[in-house]
Structure formats: C-alpha cells, structure tokens
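Throughout, protein chains are lettered first and strands after them, A, B, ... in sequence-line order, and every chain is numbered starting at 1. Computed from a predicted structure; not experimentally measured. Values reported hereafter were calculated over all heavy atoms of this structure, with side chains retained and with hydrogens, waters and symmetry mates removed.
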Amino acid sequence: MIFAIILLPLFSFLVISFVLRPFFNNRPQLSAYTTICAIVGSLILSIWALISVSGAENHVLTSTSYQWLAIGDTVINIGITMDSLAAIMVVTVSTISLLVQIYSIGYMKGDGGFARYFAFMSLFTASMLGLVLADNLLFLFLFWEGVGLCSYLLIGFWFHKPEAARAAMKAFVVTRLGDFGFLVAIIFLYVKTGTFDIGELHELALAGVLGGSTLTLAAIGIFSGAVGKSGQFPLHTWLPDAMEGPTPVSALIHAATMVTAGVYLVARMFPMIASSETAITVVAIIGGFTAIFAATMGLVATDIKRVLAYSTISQLGYMMLGLGAVGIGYASGHLDGHHALTLGVAVAIFHLFTHAFFKSLLFLGSGSTSHATGTFDMRKMGGLRKVQPWTYVTFVIGSLSLAGIWPLAGFWSKEGILHEAHAYTPVLFWLAIITVFMTAFYMFRVVFLTFHGEYRGGKEGSHSHGLHESPKIIIIPLVILAIFAVIAGWLPVGDFLGADVNFSFFGALTSWLAWVSLSLGIAGILLAYIIYGRKLLSAKSIGQSLGPVYTLLIRKYFFDELYERFFVMRFLVDGIFAAFQWVDTYIVDGSVNGIATITVAGGKVMRKLETGQLQVYGLAIFIGILAIVAFLLIFS
Amino acid sequence: MAVGLEHFLILSAVLFAIGLYGVLAKRNALVILMSIEIMLTAVNITMVAFSRYSHVISGQVFVIFIMVVAAAEAAVGLALIIAIYRSRKTVDAEKFDLMKW
Amino acid sequence: MGLDIAFWVLAVVSVGAALAVVLMRDIFRAALFLVLCFFTVAGIYITLSADFLAGAQVLIYVGAIGVLIIFAIMLTRESRRGSPSGRLRLPALLIGLLFLVTMVFVVVSTDWHVIAELPTEPTTTAIAQALFSGEDGFVLAFEIAAALLLAAIIGAIVLVREK
C-alpha cells in the first residue's frame with residue numbers, strides 16, 4: 001500500500017508520456033486530470049499512513065522490502081520507511097503538490113507544453129515521495145537524482161528562452177557538486193560498514209562503532225548533498241535563477257519537492273550526523289550564516305520571485321540551524337540521547353511543514369499577480385490591492401506567517417528554532433534574530449510595492465489580459481493554502497514527531513524570546529511601511545547613502561561573478577579543461593595518431609617485402625617449413 | 001650395405017631439394033614448371049618406397065592420384081605460361097609482378 | 001645384388017639428370033634431361049617392385065608431360081634466352097641444402113620398421129582392387145580425379161584460346 005504512494009504519480013507520468021501525449025494531444029486537460037487523480041490518491045494514502053503511524057507502536061509501520069539487485073554477496077533492497085517523519089513529509093508533499101497542480105490548470109492554460117508539464121510534475125512528485133520513503137541510501141539517492149532531473153526539466157520548461165535553459169543548467173550543475181559529495185559519502189559508508197540501510201547506519205553511529213573521522217567525513221559528505229539541494233551557502237546561486245521556470249514549479253520546488261529534500265536528508269540522517277560534533281557544527285554554522293546571508297540579498301531584489309527565493313534560502317537556513325543547534329546540544333552532552341534526536345528533527349521539520357504552506361502560498365500569489373500584470377518586476381506593479389483582493393489578502397496572510405507574527409503558523413515553528421538556537425548556539429542565535437527583522441522587512445516591502453500605491457504599468461506579456469482578478473482555479477488553492485498558513489502552527493506536528501512540545505495558544509506570549517522576535521518582526525513591517533507604504537523615507541536615497549553595501553547586495557555579493565570568473569573561467573576552463581585538452585591533443589589523439597603513423601610507416605616498410613614475386617613467397621614458405629621442422633626436432 | 005628404405009628416401013630428398021632449388025632460383029617459368037615436376041616425382045618415390053617396404057598398396061594408389069594432379073597441373077600451368085607470354089612477351093618470373101599492389 | 005646395382009646406377013643418373021635440368025643454360029636440353037630423369041625414376045619404381053606405376057610414369061610423365069613441356073618451349077620461343085638464374089640463387093641454394101640436410105637427418109635418425117622381403121604379387125590387380133573396391137576404396141576420389149582432369153582440359157583450352 002505504501003508503495004502506491006510513490007507508484008501512483010509515477011504511473012501518471014508513464015500514462016501521460018506514453019499514452020496521453022502521443023495519442024490525445026488535442027485534449028491536454030486529460031493529463032492534468034490524470035496527474036491530479038494520481039496525487040489525490042497519494043494524498044489519501046498518505047493521510048491513511050499518517051493515521052496508521054500515529055496508532056502504531058514506536059510510530060513506525062513496518063513493511064516488506066524487495067530485493068532490487070544482488071551483486072555477489074551484496075544485496076540491495078527496495079524498502080520503505082514509514083515513520084512519523086516520513087508520514088509528515090508525504091502528507092506535506094502530496095498536499096502542496098495537489099494544490100499546485102490544481103493551480104497549474106489555470107496558470108498553464110493554453111501553454112503548448114501542457115501535457116509535458118504535467119508529466120514532469122508527476123515525476124517530480126513521485127521522485128520526492130520516493131526520496132522521503134526510501135529506507136536505504138542508495139535507493140534514496142536514486143530518487144534524489146530523480147528530483148534533480150525533474151527540477152532541471154521544469155526550470156528549463158520554457159527551454160526556448162535562453163535564460164531558462166541557462167538557469168536549468170546552472171541548477172543541475174550546482175546541485176551536482178553537492179550530490180557528488182553525497183555519493184562519495186554513500187560509497188564511503190558502504191565500504192566502511194557494508195550497509196546502505198539508514199536504520200543500521202544510525203545504530204552503528206549511536207553505538208559508537210561508526211565514529212571518528214570516518215563518521216565526520218561521511219556526515220559532511222551527506223550534508224554537502226543537502227547543501228546543494230537546499231541552496232545553502234555556498235551553493236545557493238542556483239535557486240534565485242531557478243525562477244525562470246513556470247511559477248507553480250517554483251512553488252513546488254520551494255515548498256515541497258526540491259529544496260526541502262536537503263533538510264529532510266539531514267533530518268533523516270540526524271542521529272548519524274549529530275553523532276559527529278564537527279559535522280553538526282558545520283550544519284549549524286552553514287544554516288545560521290545562510291539564513292542572514294540570503295535575507296540581506298532579499299532586501300534589495302526587485303523581482304518578486306527572487307525575493308521569495310532568497311527568503312526560501314534563508315528559511316532553509318533556519319531549518320538547518322534548528323537541526324544543528326539541537327545537534328550541538330546533543331553532541332556536547334547538554335541534551336540526553338533520544339530526546340535530543342527527536343527534538344532536532346521536530347523543530348526543523350515543523351518549520352519545514354509550516355514553511356511549505358506559506359511559501360507555496362506566496363509563490364502562487366506572486367504567480368497570480370504576474371497573471372494580471374505580465375511581469376514579476378515589482379517596480380512595474382503597484383496598486384493591485386484593488387483589482388486582486390483575494391490575492392492581496394492571501395498574500396498578506398502568507399507574509400505575516402513568514403514574518404513570524406503571532407498566532408500564524410510561521411510564529412510557532414520559528415519560535416521553536418530560535419529557542420533551540422538560543423540555548424545551544426548563542427552567536428548564531430543573534431544572527432537568526434536579526435534575520436527575523438530582515439524577513440519581515442523584505443516581505444512587506446514586497447507587499448507594499450506590489451499591492452499598494454499606484455499601478456506602474458506592468459508589461460504586455462503572455463499572461464496579460466488587462467488588470468483583473470485571477471480565475472477561481474487559481475484563487476481556490478490560494479485560499480486553502482492561506483488557511484493552512486494560519487492554522488498549520490497549531491497542529492501537533494512536534495508531538496507527533498516525538499518531541500514534547502508544550503503548545504499553549506496564549507502561553508507562548510509569556511516568554512521574552514517571543515516578544516523580542518515579535519517586536520522585531522513588527523518593527524520590520526513598520527519600517528517597510530514607512531519606506532514603501534508612506535514613502536516617508538526614500539528607498540533611493542537610503543540605497544545611495546549605503547553605496548557600496550547596496551551594490552554588494554544587489555550584485556548578490558558577487559558570488560555569480562566569483563564562480564563564473566574564478567572557478568569556471570580560471571579554474572575549470574584555464575586549468576582543468578586546458579589540461580584535459582592537452583591530454584586529449586597530445587596523449588589521446590597523440591596515441592591514436594601515433595598508432596596510425598606507426599602503421600603507415602610499418603606498412604611502407606612491409607610492402608617492400610610484398611614484391612609480388614612468386615619465388616620470394618615460395619622462399620618464405622620453405623623458410624617457415626624449416627622453422628617448424630627445426631622447432632619440432634629440437635623440442636620433441 | 002644393402003639398399004634399403006633410407007636410400008630411396010634420401011634419393012627422394014636429393015631430387016626434391018634439386019627441384020626446390022630450381023623452383024626458387026630459376027627465372028624461366030618453364031624451367032620452374034619442370035622443377036615442380038621433379039619435386040612431385042621425388043614425392044612419388046617416397047610414396048612408392050614406403051608402399052614397397054610396408055606392403056601397403058595405398059601408397060601406390062596415392063601416386064596415381066598425384067600423377068593425375070601433376071598432369072592437370074602441367075596442362076593448366078603451361079596454358080597459363082603461354083597466355084602470359086602472349087600478353088607480356090616474356091616468361092621471366094621476375095617480371096611477373098601482377099601480385100604486387 | 002642386381003637390384004642394388006640397378007638402384008645405384010639409376011639414382012646417380014636421375015640425380016645427374018635433375019641437376020642438369022636446373023643447371024643447364026639451354027632450356028631445350030634441360031627439357032630433354034627432364035625426360036631422362038623421368039625415365040630413370042620409372043626404373044627406380046621397378047626396383048621397388050611397382051611395375052604398374054613404372055608403366056604409368058613412362059606414359060604420363062615421359063609421354064604426356066615431357067611432350068607438353070617441349071611444345072610449350074617451342075610455342076614461347078624462349079629458348080634463345082636460355083635459362084638464367086634469378087636474384088634468389090644463393091638463398092635458394094641455402095634453403096635447398098638446409099632442407100636436404102634436415103630430410104637426411106630425419107631419415108637417418110628415424111628407426112624405420114620395414115618388411116625387407118619383396119612383394120611377390122604383381123601390383124596391377126592390387127591397385128585396381130584398392131581403387132575400385134566398394135569398402136575402403138578410392139572410387140569417389142577416382143571420380144573426382146576424372147572431373148579434375150576434365151576441368152583442367154577445359155581450363156587449359158580456355159586459357160590458351162585466341163581471343
């Protein structure tokens with residue numbers, strides 16, 4: 001049954017690719033319905049699994065695994081882990097995916113690649129669900145790469161646009177860097193322990209059999225995969241560019257199927273990674289740094305989707321920080337074993353869960369504004385509050401939730417992370433608390449620029465039909481997501497994941513930490529209101545007065561330039577590629593040409609022997625006979 | 001010393017070696033053909049000698065077949081030499097370079 | 001004893017004739033020495049009690065092949081150029097001698113199991129029986145030999161025919 005969660009969308013992909021697209025291409029709606037039916041099926045099964053898990057012993061459903069490969073003594077199984085972590089993830093993924101698909105019917109209407117779009121979306125969802133459910137690292141890696149492939153296909157969905165093609169390539173190559181470390185870690189672990197099974201690896205790590213530098217290297221390798229997928233520093237550059245894909249794809253990538261895979265991986269491998277203090281410290285530092293680093297870039301971006309992308313990177317940094325902080329607490333002995341391991345997973349996955357709803361809401365909302373104006377550039381929007389009331393309201397709810405305003409979903413999950421960060425990583429906590437302010441500011445900068453003030457023109461684009469509210473099929477998912485963006489924080493996700501969370505609706509307001517973050521969030525909103533709502537302060541003059549800092553932010557800390565100019569041009573092109581070229585020219589070609597030259601030269605010599613004269617041949621025959629006879633006489 | 005099998009075999013070997021020398025060393029295609037006939041005859045002597053000294057008649061039957069093949073070979077070989085002579089006005093084996101590319 | 005003397009005489013003559021074939025400068029005389037060589041070989045056959053083969057040797061080699069070669073010499077008019085040696089004379093000599101030495105060594109060093117008595121029966125009947133008897137016979141080979149001769153005749157005619 002649990003396999004069906006993966007197989008349904010996969011089956012939908014196959015049906016669309018091999019039946020609907022070739023034979024029913026004149027009725028593209030069919031593929032949308034196929035996808036939605038499959039995902040509804042997955043969602044129902046996921047909820048069933050969630051309920052079963054909550055009733056099961058230890059919150060784990062056991063299921064049989066099937067043999068996939070047997071190479072000598074090595075047997076690799078296809079197996080499923082259905083525990084509380086996986087159950088939460090599959091429900092989140094299938095819910096978000098379903099709403100995004102419904103939204104896509106409206107958003108992608110009339111696109112030439114409608115069927116192709118839904119085929120890829122099905123495969124994308126199937127890969128992510130498989131990734132979540134896989135019980136061994138090799139099987140997980142298979143889906144991991146499947147997710148990477150689908151993101152490539154969907155970011156480059158409008159491949160006729162050169163930017164989209166380039167962005168897809170960039171996403172693929174940059175994540176590949178992290179995946180390389182992940183793959184090396186998998187192989188390394190297998191060589192050291194002889195197993196791919198995640199549960200066994202955890203037992204070995206917790207028992208101390210797997211430890212020392214082996215564990216640290218493997219954990220960092222796995223984390224590097226997560227860094228690539230989750231767009232953490234320093235592999236964050238692909239995520240803002242990934243906005244070239246259709247907006248629902250961005251929503252799916254950011255909320256459910258792609259970037260969360262990294263956080264999920266760290267959560268899944270948490271007992272192992274947390275067993276190495278070095279590795280978990282790296283996780284915490286990268287997470288904390290990424291959170292503030294990405295937020296600063298979000299302050300100045302003018303493309304609405306790019307702001308949201310930086311926000312995603314920043315929020316994923318939070319999740320990594322949550323895992324890392326608890327992990328440090330565990331590794332340094334402040335927290336006892338089982339409690340710490342579940343707590344870390346709980347705070348991070350809780351934030352992942354709430355973030356999935358409000359971030360997909362924000363993306364879909366931005367798509368809705370673009371549906372009206374034909375652009376994503378906030379400088380050309382404005383005043384949409386009046387024409388798109390539904391979009392406006394839902395977008396504000398999403399922004400408030402992201403800014404962490406009580407009592408919306410983002411507040412609860414962010415509080416959890418800040419609390420743990422404060423307890424175990426004080427320095428990173430201060431970075432995170434500054435980030436709260438920035439988050440509120442840049443989100444409401446978006447709100448004021450997009451929905452308030454006067455309309456600044458927009459752009460005649462493919463989706464522009466004049467200013468109007470989006471159709472119902474777009475609005476309904478927004479409303480559903482907005483409801484979740486409010487209530488998702490009230491759901492007992494943390495308890496379900498095994499951590500003891502004292503949920504108290506008003507009690508949360510008694511801690512000083514909540515007041516600090518809340519007041520910082522409100523301060524951010526107010527500042528945005530002053531600058532962009534009331535225009536009491538000129539954004540331009542602030543930008544000019546900050547001069548170099550502003551340039552640094554708007555140019556994204558020159559990371560693209562650094563990677564492009566230094567790594568790609570100097571290191572790769574001038575260094576490695578030049579070396580390859582040298583090897584290719586002089587060694588590969590050289591050996592081939594050398595063999596050819598030797599053959600030709602040899603032929604020139606040998607042809608002298610071929611005189612064409614019978615008697616020479618006869619002589620050779622008899623020399624041969626004599627040689628054979630001599631051989632027989634001597635050696636017999 | 002009474003004449004025995006060895007004598008015939010050595011006689012055969014001598015004739016064969018002479019024929020071999022002729023085949024390899026002479027330039028005239030006709031002489032080469034004659035030398036080949038000497039070699040075949042030498043082989044025949046061996047066959048007959050073994051037949052005589054083992055009282056097995058098959059050796060002589062083989063000699064008959066070798067004679068048949070030798071006759072056919074002589075006929076075709078001479079026809080070839082005449083044909084080549086017609087086109088090239090020579091039977092010098094060193095000037096036959098048709099097999100050279 | 002008489003056979004021994006006959007062998008030595010015939011052997012010396014045949015070797016001498018063969019040498020004359022390969023050494024003579026006059027091609028026509030070489031052909032005649034070849035005929036002499038064939039005759040002596042027929043004599044050798046007689047010393048080996050192969051009466052039928054001796055007859056066949058005279059008929060086929062002396063009668064057919066010898067005459068054919070002489071005809072060919074006359075047709076190609078090569079006799080005036082003689083029978084010169086080619087560039088490979090020395091290598092050929094070396095190989096020939098090496099070959100001879102090897103053969104003699106093998107012949108001498110091998111312990112032959114021989115039946116010294118002369119066969120008493122004439123061979124003609126025996127050969128006929130071997131050729132034509134149903135079992136362990138050479139009927140098929142005989143027929144193929146006939147076909148080979150026919151092919152050789154036709155081939156020779158086709159090759160030599162004036163265009």
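- Put simply, OG on Ser85(C) and CZ on Arg27(B) are 9.0 Å apart, with the number rounded to the nearest 0.5 Å.
- Only the side chain of Phe52(C) comes within contact range of chain B, with heavy atoms under 4.5 Å apart.
- Proximity to chain B involves both the backbone and the side chain of Leu53(C), based on heavy atoms less than 4.5 angstrom apart.
- Annotation: maximal heavy-atom pairing with chain B below 4.5 Å, among Leu19(C), Val22(C), Ile115(C), occurs at Ile115(C).
- Both the backbone and the side chain of Ala56(C) come within less than 4.5 Å of a heavy atom in chain B.
- Side-chain contact check for Val160(C) versus Arg86(B): some heavy-atom pair is nearer than 4.5 Å.
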Residue pair Leu118(C), Arg52(B): steps toward the side chain to side chain contact (heavy atoms under 4.5 Å, CB included) verdict: CA-CA 8 Å; Leu118(C) 283 170; Arg52(B) 147 75 182 80; 3.2 Å; yes
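- Between chain B and the options Leu148(C), Ile144(C), Val114(C), heavy-atom pairs under 4.5 Å are most frequent for Val114(C).
- Ranking Leu97(C), Leu3(C), Val21(C) against chain B, the residue ahead of the rest is Val21(C), based on heavy-atom pairs under 4.5 Å.
- Chain B forms the most heavy-atom pairs under 4.5 Å with one residue out of Ala17(C), Ala18(C), Gly96(C), and that residue is Ala18(C).
- A 6.0 Å sphere centred on CZ of Arg88(B) holds more than 12 heavy atoms belonging to other residues, nucleotides or ligands.
- You'll find the side chain of Met34(B) reaches within 4.5 Å of the side chain of Ile73(C), heavy atoms only.
- With a 4.5 angstrom heavy-atom cutoff, Val69(B) touches chain C via backbone and side-chain atoms both.
- Considering CG of Leu33(B) and CG of Leu34(C), their distance stands at 9.5 Å, rounded to 0.5 Å.
- From Gln60(B), atom CD reaches atom CG of Leu131(C) across 11.0 Å, with rounding to the nearest 0.5 Å.
- At a 4.5 Å heavy-atom cutoff, the contact between Ala141(C) and chain B is made by backbone and side-chain atoms alike.
- For chain C, the nearby parts of Thr41(B) are the backbone and the side chain; heavy atoms of each come within less than 4.5 Å.
- In plain terms, the two heavy atoms of Cys37(C) and Leu15(B) that are nearest each other are SG-CD2, 4.5 Å.
- Considering only heavy atoms from C-beta on, His7(B) comes within 4.5 Å of Phe7(C) through its side chain.
- Closest non-hydrogen pair, Ile60(C) versus Ala71(B), comes out as CG2-CB, 4.3 Å.
- Highest contact tally toward chain B, considering only Thr110(C), Leu88(C), Ile69(C), is held by Ile69(C) [criterion: heavy-atom pairs under 4.5 Å].
- For Leu98(C), no part lies under 4.5 angstrom from a heavy atom of chain B.
- Contact check for Phe50(B) versus Trp112(C): side-chain heavy atoms found under the 4.5 Å cut-off.
- When the candidates Gly77(B), Ala29(B), Ser35(B), Ala79(B) are compared by the number of heavy-atom contacts under 4.5 Å with chain C, Ala79(B) comes out ahead.
- Interface remark: Ile57(B) contributes side-chain atoms only to the contact with chain C (heavy atom separation under 4.5 Å).
- Both the backbone and the side chain of Ser14(C) come within less than 4.5 Å of a heavy atom of chain B.
- Side-chain contact between Val15(C) and Ile18(B): present, with at least one pair of heavy atoms (C-beta onward) separated by less than 4.5 Å.
- Contact check for Tyr45(C) versus Asn44(B): side-chain heavy atoms found under the 4.5 Å cut-off.
- Ala116(C) touches chain B through its backbone: at least one of N, CA, C or O sits under 4.5 Å from a heavy atom, while the side chain does not.
- Only the side chain of Leu78(B) has a heavy atom closer than 4.5 Å to any heavy atom of chain C.
- Interface residue Phe8(B): backbone and side-chain heavy atoms are both found under 4.5 Å from chain C.
- Of the inter-residue distances, the one linking Tyr61(C) atom OH with Glu37(B) atom CD reads 5.5 Å to the nearest 0.5 angstrom.
- Taken from CD1 in Ile27(C) to CG in Leu30(B), the straight-line distance is 4.5 Å, to the nearest 0.5 Å.
- Both the backbone and the side chain of Leu80(B) have a heavy atom closer than 4.5 Å to some heavy atom of chain C.
- Aromatic ring orientation, Phe138(C) versus Phe65(B): tilted (interplanar angle from 30° to 60°).
- By the neighbour-count criterion of 12 heavy atoms within 6.0 Å, atom OH of Tyr53(B) is densely surrounded, having more than that number from other residues, nucleotides or ligands.
- No other option in Arg87(C), Arg89(C), His113(C) has as many heavy-atom pairs under 4.5 Å with chain B as Arg87(C).
- Using a 4.5 Å heavy-atom threshold, the side chains of Leu11(B) and Leu10(C) count as separate.
- The NZ atom of Lys89(B) sits 11.0 Å away from atom OG1 of Thr76(C), with the distance rounded to the nearest 0.5 Å.
- Between chain C and the residues Ile32(B), Val14(B), Ile81(B), the largest count of heavy-atom pairs under 4.5 Å involves Val14(B).
- Of all the heavy atoms in His55(B) and Glu117(C), the pair that sits closest is NE2-O, 3.0 Å.
- Both the backbone and the side chain of Ala70(B) come within less than 4.5 Å of a heavy atom of chain C.
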